[in-house]
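Remarks on the structure that follows.
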Amino acid sequence: MEKDIFLYNTLTRQKETFKPVDDKNVRMYVCGPTVYDRAHLGNARPVVVFDTLFRLLRHKYGQNHVTYARNITDVDDKIMARAHETGESIESLTTRTTQAYHDDMGALNALPPTIEPRATGHIAEMIALNEVLIAKGHAYVAEGHVLFHVPSMKNYGQLSRRSRDELIAGARVDVAPYKKDAADFVLWKPSAPDQPGWESPWGRGRPGWHIECSAMAGKHLGTTFDIHGGGLDLIFPHHENEIAQSCCAHDGAPLAHVWMHNGFLTINHDKMSKSLGNFFTVNDLLQKHHGEVIRLALLSAHYRQPLDFSEEKLQECKVTLEKWYSALGNCTDIENEYADLSQRHQLQVFGPAEEALCDDLNTPQAMTELNQLAAKIFKLPLGSDERKKLSHTLRYSAQFLGLLYWTIDQSKFDHLISARMQARHKKDFAKVDQLRAEIQKLGVQIEDGPKGTYSLRPFWG
RNA sequence: GGCGCGGUGGCAGAAUGGCUAUGCAGAGGACUGCAAAUCCUUGGAUGCCGGUUCGAUUCCGGCCCGUGCCUCCA
């Protein structure tokens with residue numbers, strides 16, 4: 001792919017041409033879930049957004065030249081609190097929740113990341129990082145805690161564009177007495193005997209929130225990597241502090257070149273919250289809507305914009321997908337061209353949607369291109385070469401969005417279709433309708449076109 | 001109080017210093033065993049006030065409104 005990729009960088013507040021450190025190994029880190037509860041819809045947005053970016057990067061740099069790391073935070077006070085409430089063991093809770101996360105994100109057709117490091121598997125790296133920070137004068141020990149000393153870093157606050165003074169002025173929380181500076185944050189904290197903990201040079205304890213990402217990113221992606229992503233709310237303090245830890249440990253080497261942050265989502269224009277009763281887990285939604293529909297809805301606004309979720313939006317996305325599937329081709333096209341979808345990346349048909357995605361992941365623009373493509377396809381004669389070619393492009397383009405991956409049992413389908421065709425010629429409409437119902441059981445809704453032909457679309461009940 | 005983001009047609013949602021997407025919804029027509037889809041035609045927008053400019057929705061300033069973050073929430 002010749003086209004350059006442009007990405008908006010929170011660090012510079014500008015759209016920049018993406019230039020990887022090593023184009024043989026493009027590296028991206030995205031903050032993953034804390035596994036104490038089912039993922040909610042808000043958790044799904046960064047997953048789908050960065051999955052889309054992952055797909056685009058893999059296309060441009062090669063399937064095996066992109067490393068995507070997304071962590072699992074499996075040690076955290078929220079986890080401890082939940083386990084304490086319910087009596088479930090921490091291990092059981094985190095294992096079960098991690099599995100549910102994989103299931104839910106898989107249902108949204110998010111590819112598994114290349115690496116999924118777990119915090120509890122990297123305690124030694126975190127301790128080592130703390131020791132480096134202490135040795136270099138960026139951290140200190142106080143009352144069993146290890147704290148990062150913010151004034152030790154001259155340019156702290158670059159990502160969020162906040163000065164240390166501003167932070168302190170706006171602080172809403174009491175400053176712990178053992179902190180040398182009000183802005184200092186915890187790298188390591190002591191654990192009570194009944195809390196999970198690991199032996200360390202500072203006694204038995206557990207990591208602070210930010211240190212795990214620095215340690216895991218450093219281990220798996222190297223000192224400096226290409227893209228670091230997450231939700232808008234992570235800019236401060238989480239990502240700011242990751243930068244502080246990693247840069248100071250590595251004598252100023254940048255942690256990541258490009259910082260990307262997705263916007264929040266609202267539900268019917270309200271903030272999603274338990275008190276408003278509009279709090280949905282991904283799994284809740286999957287009971288009512290196909291994952292592909294939810295995925296499209298999550299991509300229907302640009303990732304940096306707020307995204308409003310509603311039942312109407314889901315309905316509209318469902319109809320849109322059905323239209324695209326219908327445009328994809330009649331059964332003949334499916335049989336001849338798309339039987340093995342894993343081969344479709346070899347088609348190398350340039351798609352305009354691809355170009356839209358190269359412009360800072362403009363997914364709404366990509367949707368427009370797919371709509372345009374579908375409209376063109378519908379105007380062309382069924383079975384024509386031109387129509388097939390555009391169908392190729394549609395299928396090909398949609399793969400970048402992780403859409404139009406749906407397939408059918410081809411042999412059964414072909415058999416039923418030809419039987420129905422015959423019944424139709426005989427005008428045996430009772431049989432025709434009965435066969436339509438049978439085809440529907442395969443998950444396909446067929447439609448009769450103007451010339452007795454068929455279009456195909458998934459049937460989602 | 002500090003830092004930031006946004007206000008585009010009925011709704012959703014891109015883009016752009018001049019020719020203003022796209023989808024849904026609406027109106028009219030075509031097609032049609034049923035059902036559905038599709039096709040053709042069509043009305044409709046850039047919060048307010050100034051400035052820069054031959055020309056601004058787009059750039060600059062002010063205002064109004066909404067919204068996010070400010071130590072563990074994607």
Side-chain angles (χ1 to χ4, degrees), chain A residues 10 13 30-34 39-50 73 76-78 148 150 157 160-163 165-176 179 182-186 189 207-212 229-238 240-241 261-266 269 271-273 297 300-310 312-313 315-317 319-320 322-323 326-327 356 359 362-372 374-375 377-379 424 427-430 432-433 436-437 440 445-452 454-457:
Chain A
T10 306
R13 312 281 157 114
V30 174
C31 290
T34 300
H40 63 251
L41 204 50
N43 296 308
R45 166 119 102 145
V47 172
V48 168
V49 163
F50 290 106
T73 298
D76 179 273
D77 288 6
K78 286 193 295 295
F148 185 91
V150 168
S160 57
R161 307 220 167 168
R162 267 175 249 228
S163 72
D165 294 341
E166 286 164 0
L167 296 179
I168 293 167
R172 295 182 303 195
V173 175
D174 291 340
V175 177
K179 287 187 179 180
D184 291 353
F185 58 91
V186 173
K189 56 187 165 189
W209 178 32
H210 318 297
I211 194 71
E212 59 169 289
L232 206 56
D233 56 325
L234 294 180
I235 294 175
F236 188 88
H238 185 53
E240 196 69 78
N241 291 346
H261 296 94
N262 62 275
F264 269 42
L265 67 81
T266 53
H269 303 289
K271 185 172 179 177
M272 181 167 65
S273 74
S300 66
H302 183 87
Y303 76 92
R304 282 190 280 117
Q305 295 300 122
L307 171 65
D308 190 54
F309 227 81
S310 62
E312 296 74 52
K313 170 159 285 183
Q315 278 308 321
E316 197 177 315
C317 286
V319 169
T320 299
E322 287 175 343
K323 178 167 72 178
S326 186
D359 182 15
N362 194 337
T363 52
Q365 184 62 42
M367 287 173 65
T368 293
E369 302 296 352
L370 297 190
N371 274 323
Q372 297 295 82
I377 288 170
F378 284 126
K379 287 172 201 163
R424 248 189 128 221
K427 299 204 187 277
D428 180 358
F429 294 119
V432 169
D433 289 345
R436 167 155 44 203
Q440 194 157 293
Q445 181 152 313
I446 51 167
E447 287 145 15
D448 301 322
K451 292 177 184 169
Y454 304 93
S455 65
L456 166 143
R457 50 179 47 206

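Lettering of chains follows the sequences in order, A, B, ..., and the numbering in each one begins at 1.
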For A:His40, which contact category applies under a 4.0 Å heavy-atom criterion: base, sugar-phosphate, or nothing? base

Categorize A:Leu41 for me: base, sugar-phosphate, or nothing, with a 4.0 angstrom heavy-atom threshold over every strand shown. nothing

Using whole Å, what does the distance between atom P of nucleotide B:C39 and atom NZ of A:Lys379 come to? 6 Å

May I ask you to verify whether the side chain of A:Arg436 and the base of B:C34 hold a donor-acceptor pair under 3.5 Å? yes

Residue A:Phe236, side-chain heavy atoms: nucleotide from B:C39, B:A74, B:C70 that is nearest: B:C70

For a quick check of understanding: with a heavy-atom distance under 4.0 Å over all strands, which category does A:Asn371 fall into, base, sugar-phosphate or nothing? sugar-phosphate

Whole Å only: how far is the NZ atom of A:Lys179 from the C1' atom of B:C72? 11 Å

Checking all strands, does A:Ala375 fall into the base, sugar-phosphate, or nothing category for heavy-atom contacts under 4.0 angstrom? sugar-phosphate

Base, sugar-phosphate alone, or nothing: which one does A:Gln372 contact when heavy atoms must sit under 4.0 Å apart? sugar-phosphate

Name the closest nucleotide to the A:Asn262 side chain, picking from B:A74, B:U71, B:G23. B:A74

Taking B:G2, B:A15, B:C34 as options, the one with an atom nearest any side-chain atom of A:Asp433 is B:C34

Between B:C39, B:A14, B:C69, which one does the side chain of A:Ala301 approach most closely? B:A14

Could you check whether the rings of A:Phe185 and A:His210 sit parallel, tilted or perpendicular, using 30° and 60° as the cut-offs? perpendicular

Does the ring of A:Phe264 lie flat against the base of B:G68, closer than 5.5 Å centre to centre with planes under 30°? no

Base, sugar-phosphate or nothing for A:Arg161? Non-hydrogen atoms, less than 4.0 Å. sugar-phosphate

How is A:Asn362 classified with respect to the nucleic acid when contacts are heavy atoms under 4.0 Å: base, sugar-phosphate, or nothing? sugar-phosphate

From CG of A:Leu234 over to C1' of B:U71, roughly how many Å is that when rounded to an integer? 13 Å

On a heavy-atom basis, the closest approach of A:Phe264 and A:Arg45 is O-NH2, 3.1 Å

For A:Gln305 and A:Lys427, take the nucleotide of RNA chain B holding the closest heavy atom to each; which residue's nucleotide lies nearer the 5' end? A:Gln305

A:Pro364 side chain, from C-beta outward: closest of B:U22, B:G13, B:C72: B:G13

Hey, does A:Val432 reach any base, or is it just sugar-phosphate, or nothing, if we go heavy atoms under 4.0 Å? base

Which one is paired to B:G68, where only Watson-Crick or G-U wobble pairs with both distances under 3.5 angstrom count? B:C3

In whole angstroms, the gap separating C1' of B:G4 from CG of A:Leu232 amounts to 9 Å

In the strands shown, is B:C34 matched to any nucleotide by a Watson-Crick or G-U wobble pair with both distances under 3.5 Å, and which? none

Looking only at the side chain of A:His269 (C-beta and beyond, no hydrogens), which of the listed nucleotides B:A37, B:A12, B:C72 gets closest? B:A12

Please figure out whether A:Ala374 or A:Ser300 has its closest RNA chain B nucleotide nearer the 5' end. A:Ser300

Which is true for A:Lys78 with a 4.0 Å heavy-atom rule: it touches a base, it touches only sugar-phosphate, or it touches nothing? sugar-phosphate

Side chain of A:Lys189, heavy atoms from C-beta onward: which of B:C73, B:G68, B:C72 has the nearest atom to it? B:C72

Heavy-atom distance under 4.5 Å between the side chains of A:Trp209 and A:Asn241, does that happen here? no

Carefully, step by step, assess A:Arg13 and A:Arg161 under the rule side chain to side chain contact (heavy atoms under 4.5 Å, CB included). CA-CA 10 Å; A:Arg13 312 281 157 114; A:Arg161 307 220 167 168; 3.3 Å; yes

Give none if B:A12 has no partner; otherwise give the nucleotide forming a Watson-Crick or G-U wobble pair with it, both distances under 3.5 Å. B:U22

Would you say that A:Asp76 contacts A:Glu212 through its side chain, given a criterion of any heavy-atom pair below 4.5 Å between the two side chains? no

Using a 4.0 Å heavy-atom cut-off, does A:Gly42 contact any base of the nucleic acid, only the sugar-phosphate backbone, or nothing at all? base

Checking contacts here: which listed nucleotide (B:G13, B:U71, B:A37) is nearest the side-chain heavy atoms of A:Lys313? B:G13

Using modelled atom types and a 3.5 Å cut-off, is there a donor and acceptor pairing between side-chain atoms of A:Gln365 and backbone atoms of A:Ala356? no

Rounded to the nearest Å, what distance is computed from the CG atom of residue A:Leu307 to the P atom of nucleotide B:G6? 16 Å

When both distances are under 3.5 Å in a Watson-Crick or G-U wobble arrangement, the nucleotide paired with B:A45 is none

Please confirm whether the shortest side-chain N or O distance from A:Lys323 to OP1 or OP2 of B:C39 is below 4.0 Å. no

With no hydrogens and no angle check, is any side-chain donor or acceptor of A:Thr320 less than 3.5 Å from a backbone partner on A:Glu316? yes

Paired to B:C39 by Watson-Crick or G-U wobble criteria (both distances under 3.5 Å) is B:G29

Distance in angstrom units between A:His261 NE2 and B:G4 P, rounded: 16 Å

